[in-house]
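Step one of this worksheet: look at the structure below.
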Amino acid sequence: MLTYRLATEADIPAMSRIRLSVTENVLSRPDRITHDMYVDHLERLGRSWVCEQSQHIIGFASACVTDHSIWALFVHPTQEGQGAGQHLLALACDWLFTQGAPVIRLSTTPGTRADRFYQAQGWQRDGTTADGEICYLRLR
């Protein structure tokens with residue numbers, strides 16, 4: 001059974017392990033995402049949620065209220081396909097919409113499972129970033 005809750009600072013090590021375990025959208029510089037950045041997305045800049053299975057965190061999502069974006073959405077590769085990512089994304093989007101976001105944005109590497117996931121969830125493509133990532137948006 002999957003359960004969901006708001007993330008706490010104590011969850012950051014597990015969130016970071018999941019972020020570093022993915023086989024797609026791999027960080028070219030893992031040190032670029034710092035502990036403080038995770039902390040900021042717990043309350044100051046947004047909110048984060050975790051998904052647990054048997055009291056182990058298997059995925060997380062972080063929403064950024066300052067730019068109405070999904071800062072992170074990751075599920076451990078061995079736990080994909082159970083619906084955790086879809087539910088975490090819904091939690092993050094619902095929260096952003098309640099905070100007044102008219103549009104939510106995110107970006108991901110083209111041709112990846114994440115790229116196909118966002119298309120399947122009904123997100124609209126909206127160009128590319130300077131780094132070549134696909135931009136997506138979701139209207140309220």
Side-chain angles (χ1 to χ4, degrees):
M1 182 169 122
L2 301 179
T3 59
Y4 302 87
R5 63 174 174 77
L6 282 171
T8 68
E9 191 165 354
D11 298 323
I12 292 174
M15 294 163 66
S16 180
R17 277 192 301 277
I18 290 167
R19 177 64 185 97
L20 296 175
S21 74
V22 299
T23 57
E24 295 184 328
N25 294 320
V26 176
L27 290 170
S28 59
R29 290 191 42 227
D31 61 327
R32 194 178 124 210
I33 306 297
T34 66
H35 179 86
D36 289 345
M37 292 168 87
Y38 283 102
V39 170
D40 283 344
H41 288 88
L42 295 177
E43 289 186 20
R44 192 174 74 80
L45 297 179
R47 292 290 179 278
S48 296
W49 296 263
V50 294
C51 174
E52 294 178 310
Q53 183 177 52
S54 302
Q55 299 180 331
H56 288 57
I57 295 173
I58 66 161
F60 74 98
S62 298
C64 183
V65 73
T66 58
D67 65 359
H68 304 144
S69 71
I70 302 300
W71 181 69
L73 175 62
F74 293 97
V75 175
H76 193 280
T78 63
Q79 303 298 319
E80 292 175 351
Q82 299 181 61
Q86 188 174 0
H87 192 86
L88 286 163
L89 182 61
L91 289 169
C93 289
D94 289 348
W95 182 79
L96 283 169
F97 286 139
T98 65
Q99 301 304 305
V103 175
I104 300 172
R105 299 183 181 282
L106 61 82
S107 64
T108 194
T109 305
T112 59
R113 184 176 171 132
D115 185 14
R116 293 184 297 277
F117 171 81
Y118 295 119
Q119 287 180 60
Q121 299 302 309
W123 287 66
Q124 299 172 17
R125 282 187 172 213
D126 188 41
T128 58
T129 67
D131 296 341
E133 288 195 339
I134 301 295
C135 296
Y136 279 97
L137 58 87
R138 180 171 174 189
L139 302 173
R140 186 177 184 104

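Note: hydrogens, waters and symmetry copies are ignored here, and every other heavy atom, side chains too, is used. Everything numeric here is computed off the predicted structure, so don't read it as measured data. The first residue in the sequence is number 1, and the count goes up from there.
When side chains are defined from C-beta on, I57 does not count as touching R17, because their heavy atoms never get closer than 4.5 Å. Taking 4.5 Å as the limit, some side-chain heavy atom of F117 sits within range of a side-chain heavy atom of Q86.
Note: the hydrophobic cluster containing I134 also contains W123 (ILVMFWY, side chain heavy atoms under 4.5 Å, direct or indirect links). Tracing side-chain contacts under 4.5 Å through hydrophobic residues (I, L, V, M, F, W, Y), one never reaches L89 starting from V22; they form parts of separate clusters. Under the 4.5 Å side-chain heavy-atom criterion for Ile, Leu, Val, Met, Phe, Trp and Tyr, L6 and L88 are members of the same hydrophobic cluster. F97 is not connected to L137 by any chain of hydrophobic side-chain contacts under 4.5 Å among Ile, Leu, Val, Met, Phe, Trp and Tyr, and they are in different clusters.
For the pair P110 and E133, the tightest heavy-atom approach, listed with the atom from each and the gap, is CD-CA, 4.2 Å. Taking both residues in full, the closest heavy atoms of A114 and T108 are given as CB-OG1, 3.4 Å, listed atom of the first, atom of the second, then distance. Annotation for L73 and A61: closest pair CD1-CB, 3.7 Å, computed over non-hydrogen atoms. Contact between D115 and T109 at its shortest, heavy atoms only, is CB-O, 3.7 Å. The two atoms that bring A92 and I70 nearest to each other are CB-CD1, 3.7 Å, heavy atoms only. M37 approaches H41 most closely through the heavy-atom pair O-ND1, 2.8 Å.
R44 contributes atom CZ, which lies 9.0 Å from atom SG of C64 (distance to the nearest 0.5 angstrom). Taking NE2 of H87 as the reference point, atom SG of C51 lies at 8.0 Å (rounded to 0.5 Å). Rounding to the nearest 0.5 Å gives a distance of 5.0 Å between CG of L2 and CD1 of I58. Note that CD1 of I33 and CE of M15 are 11.0 Å apart. Values are rounded to the nearest 0.5 Å. Going from atom NE2 of H76 over to atom CZ of F60 covers 12.0 Å, rounded to the nearest 0.5 Å.
Defined by atom type and a distance below 3.5 Å, a donor-acceptor pair is present between the side-chain atoms of R125 and Y136. Counted by atom type alone, E9 and H35 present one or more donor-acceptor pairs between their side chains at under 3.5 Å. Between H56 and S54, the side chains place no donor N or O within less than 3.5 Å of an acceptor N or O (distance only, hydrogens not considered).
Tested against S48 for a side chain to side chain contact (heavy atoms under 4.5 Å, CB included), the candidates D11, D40, V39, L42 yield a single pass: L42.
Between the side chain of Q82 and the backbone N or O of Q79 there is at least one donor-acceptor pair closer than 3.5 Å. With hydrogens and angles ignored, the 3.5 Å screen pairs no side-chain donor or acceptor of D94 with any backbone N or O of L91. With hydrogens and angles ignored, the 3.5 Å screen pairs no side-chain donor or acceptor of S62 with any backbone N or O of W71. Here the side chain of R105 pairs no donor or acceptor atom with the backbone of C135 at under 3.5 angstrom.
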Given the rule in the side chain to side chain contact (heavy atoms under 4.5 Å, CB included) test, do Y118 and R138 qualify, once you have shown the distances and angles that lead to the verdict?
CA-CA 10 Å; Y118 295 119; R138 180 171 174 189; over 6 Å; no
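Ring orientation note: the planes of W49 and W95 are nearly perpendicular, at an angle over 60° on the 30°/60° scale.
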